[in-house]
2 protein chains.
Amino acid sequence: MLPWLMKAEVVSIGTELLLGEILDTNARYLGASLPAHGVDLFYISKVGDNLERLADVIGRARDRSDLVITTGGLGPTEDDLTREAIANVLGEELSVDDTEAGRLREFFAKRGAAMPERNLKQAMLIPSARVIPNPRGTAPGWWVERDGKIIVAMPGPPSEMERMWEREVAPALEARPDSGRSVLVTRTLKTAGVGEGHIDEMVSPLLKTNNPSVGVYARADGVHLRIGAKAPNRDEAQQLIEPLEAEMRSILGDIVWGADDETMEHAVGVLMRQHGLTLAAMESCTGGLLMHTLTNVPGSSAYVRGGLVSYSTEMKIEWGVDAAVIDEHGVISDECALAMARAVRERLAADIGIGITGVAGPAAQDGKPPGTIHIGVDAGFAEPQSVSYQFAQGREAVKRRAVSTALAMLRRTLIAAL
Amino acid sequence: MLPWLMKAEVVSIGTELLLGEILDTNARYLGASLPAHGVDLFYISKVGDNLERLADVIGRARDRSDLVITTGGLGPTEDDLTREAIANVLGEELSVDDTEAGRLREFFAKRGAAMPERNLKQAMLIPSARVIPNPRGTAPGWWVERDGKIIVAMPGPPSEMERMWEREVAPALEARPDSGRSVLVTRTLKTAGVGEGHIDEMVSPLLKTNNPSVGVYARADGVHLRIGAKAPNRDEAQQLIEPLEAEMRSILGDIVWGADDETMEHAVGVLMRQHGLTLAAMESCTGGLLMHTLTNVPGSSAYVRGGLVSYSTEMKIEWGVDAAVIDEHGVISDECALAMARAVRERLAADIGIGITGVAGPAAQDGKPPGTIHIGVDAGFAEPQSVSYQFAQGREAVKRRAVSTALAMLRRTLIAAL
């Protein structure tokens, strides 16, 4: 039997979350971080700025979990009720802590202002709470431990919460002497070009293990294989993962293009640099999104020569696309995409040129429906390649899908020819 | 006393949500949509693919709310447990519905495949459930009504869920004869260029009303004013909102640039079209993001001539930036940004040129730290304008902030000069 993991739940506080005004990125961040710290997350709740419901949710969370993490509700306004709710749940009284009050006044004085009296509530504590420092804002966090249960209250703004988590809370959890704690470490392999069912078949003998476990998931950028291992510590978990990862990679070969947080543009960047190549792109309907995506990778200036957003037929011709090709095949065609790829490769003196043309929508163009995409790749060291498809979704989704496809084509071109 | 709103909660189902692998956009979508359908949302929970916890969460939700909306867990695998959990909560038995089974087999036959037997569970129903059609996928939704409570189970994939919500579920909620239902309608005005405290002062007499209510929120694209009105129906709610909106607009004037879901690029597009102008951009560190953002607006081809991603000093000079300017001031400077704006305006024969140069990071460049940004706007009808600032965050955040700033500058240029 493996030692137990600490059971946690996350409570994201704020009426704007319930009204759909912002996304709950805090819960996502914590969900991704907790397993590696030996914590199983079973529940995530969002609740509004209402004392009764807050106390109800936090109280239940404390009953069923070992660790309750709240984000939000630590501001100075009357809608900030997290401290009050925790006091309510524990039946303890709030009072102003002089040290914290002094620290807060100093925070304002340093900025040449007097502390508004409303901020005094941020200096309040209950007997079971100790302060978690927050240099990035006015609200300190609370670490509340009593009767074998922990409540950690953190600020809502992601940059404040993430810093507090990384610098203060996660290390404190790691340092606890709780016996029997395990960690859960995951390693995700990302594949492209092969469907879920086929991947499943290829690695099926490897899927039967219990620890490490393997999950197969279809995602936008290909099929992901998530390996998860539970062990008393991270090193031992890695020792369970590594042989399984090695076996999978030997079966799947090039079908695996990256792991964990890696992106396709990153994988392309690695290959471009490995082979000392450069690229350039002429984009029409994607409007600059391919270049933006490629240049998100630090150091991409080493292989990205530049790009053109040729948003009209006139521009395409001015930048070297043969007018005769457009006359014969139209601007939404494989031939035009290839001509754009060739033109930008030559104009910008790159090794590889990419051309993307199509109909982003919602209106049709040249009689072609929204979501029609043609992509051309022109590389000196390989035959020009083009791909076309139709994918009808909203305008932004059409652009994103076109860019994903172009990146995958680029990678295949590099892998195949070198 | 206003009539009550139906109380709802949303349960987002899927272990990948708890592991932080994906963001809960479904909850956000529903949170933004529910108030206008006369529904108050008080709780949002995420729970994993575990029958016991699912039944626990759905059961509690059904106890405390009138309407429970679940997303996810309707797939064909053994991890898909939403139907089982609802059956468990209601104490009803699952059985295969022949009509649904037939429809599913046909769905696969149309795609030239036999239905895998595992998909048969998607044709199951309990006595209190009726099917909600899902033409976008294999899993029908469930509408389960019993003892005055409703559970609506929808698929996880956002495009399937959103369609089902808009086409089937929301209209069914609207059509209910429940007496005493109110709606909550909101209208958000978006401002730019003036801080939260100052906006607060300018509109403070208007903030004291109870219904409609007004909230002031600092957001990335400026300060937002959210007007909310509760009334027996949408028309009456609008009648409460309109006079207040008109007063705010008359106080704030041009400071208001848009409302509700409008984006700055949309607002710019409206002005560009109003005045029959065209624009072009030369981007360095933003790598195409400005052009991508501008071209997200349908119909932008009317005013976007095109763009250049000049990712090297060489490219900038080749495209018309005076080498002497670069020699004297360097490539990360207001002078270079203005020269880029001028060059692209002339090269692409546009009315307005925009140039963006800077350091995306994480490495410094030319001795300038990451987050250094210089933006130039060159318009025939106005004095060239440049802006520079330093904003140190991750690479993508630096690019996004630069694009937001450029769009705001563009808008100010258009408003001021025309």
Side-chain angles (χ1 to χ4, degrees), chain A residues 16-25 27-35 41-48 50 53 57 60 186 217 281 283 285-296 298-301 304-312 315 348 360-363 393 395-396 399, chain B residues 16-25 27-35 41-48 50 53 57 159 186 217 226 281 283 285-296 298-301 304-312 315 348 360-363 395-396 399:
Chain A
E16 66 267 31
L17 287 164
L18 293 176
L19 288 172
E21 300 193 347
I22 56 177
L23 278 164
D24 191 5
T25 56
R28 178 189 197 180
Y29 173 88
L30 291 168
S33 176
L34 281 163
L41 181 63
F42 286 139
Y43 300 97
I44 298 174
S45 307
K46 294 198 244 286
V47 62
N50 171 286
R53 286 194 287 276
V57 170
R60 175 166 319 99
T186 62
Y217 304 91
E283 304 180 58
C285 61
T286 45
L289 182 58
L290 175 61
M291 289 301 301
H292 163 58
T293 306
L294 284 163
T295 59
N296 275 339
S300 47
S301 53
V304 172
R305 294 284 291 162
L308 307 170
V309 179
S310 56
Y311 222 55
S312 65
M315 284 293 134
L348 269 56
Q393 285 274 356
R395 192 177 171 88
E396 282 202 55
K399 291 168 95 175
Chain B
E16 66 267 31
L17 287 164
L18 294 176
L19 287 172
E21 299 193 349
I22 56 178
L23 278 164
D24 191 5
T25 56
R28 178 189 197 178
Y29 173 88
L30 290 168
S33 176
L34 281 163
L41 180 64
F42 287 140
Y43 299 97
I44 298 174
S45 307
K46 295 199 244 284
V47 61
N50 171 286
R53 287 194 287 277
V57 170
S159 67
T186 63
Y217 303 92
R226 195 207 313 137
E283 304 180 58
C285 60
T286 45
L289 182 58
L290 175 62
M291 290 301 301
H292 163 57
T293 306
L294 284 164
T295 59
N296 275 339
S300 48
S301 53
V304 172
R305 294 282 292 161
L308 306 171
V309 179
S310 56
Y311 222 54
S312 64
M315 284 291 135
L348 269 55
R395 193 178 171 87
E396 283 203 56
K399 291 167 94 176

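Numbers restart at 1 for each chain; the letters A, B, ... are given by sequence-line order, proteins then strands. As the structure is a computational prediction, the values presented were derived from the model and not from experiment.
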- Message: Applying side-chain hydrogen bond (donor to acceptor under 3.5 Å, both in side chains), can you list everything that pairs with A/Asn296, at least two apart in sequence or on another chain?
- Response: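 In terms of side-chain hydrogen bond (donor to acceptor under 3.5 Å, both in side chains), with neighbours along the sequence ignored, A/Asn296 is linked to B/Lys399.
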- Message: Restricting to side-chain hydrogen bond (donor to acceptor under 3.5 Å, both in side chains), what partner residues turn up for B/Tyr43, sequence neighbours left out?
- Response: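 For B/Tyr43 there are no side-chain hydrogen bond (donor to acceptor under 3.5 Å, both in side chains) partners, ignoring immediate neighbours.
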- Task: Sort A/Arg305 into side chain, backbone, both or neither according to what part of it lies under 4.5 angstrom from a heavy atom of chain B.
- Result: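 For A/Arg305, the contact with chain B is made by backbone and side chain together.
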- Item | Interface moiety of B/Ser33 toward chain A, non-hydrogen atoms closer than 4.5 Å |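 B/Ser33 has no heavy atom closer than 4.5 Å to chain A.
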- Greatest number of heavy atom pairs closer than 4.5 Å to chain A - which of B/Thr186, B/Leu289, B/Leu34, B/Val47: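 Between B/Thr186, B/Leu289, B/Leu34, B/Val47, the count favours B/Leu289.
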Could you grab the distance from atom [atom1] of [X] to atom [atom2] of [Y], nearest 0.5 Å is fine?
| X | Y | atom1 | atom2 | answer |
| --- | --- | --- | --- | --- |
| A/Glu283 | B/Met291 | CD | CE | 9.5 Å |
| B/Arg53 | A/Phe42 | CZ | CZ | 4.0 Å |
| A/Arg28 | B/Asp24 | CZ | CG | 11.0 Å |

- Is there a side-chain contact between A/Val309 and B/Leu308 (heavy atoms, below 4.5 Å)?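 No, side chains not in contact.
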- Query: Any side-chain heavy-atom pair from B/Leu18 and A/Leu41 closer than 4.5 angstrom?
  - Reply: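 The answer is yes, as the side chains (C-beta and beyond) meet within the 4.5 Å cut-off.
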Considering all heavy atoms of both residues, which atom of [X] and which atom of [Y] are nearest to each other, and what is their separation?
| X | Y | value |
| --- | --- | --- |
| B/Leu19 | A/Pro35 | CD2-CG, 3.8 Å |
| B/Leu348 | A/Met315 | CG-SD, 3.7 Å |
| B/His292 | A/Thr286 | ND1-O, 4.0 Å |

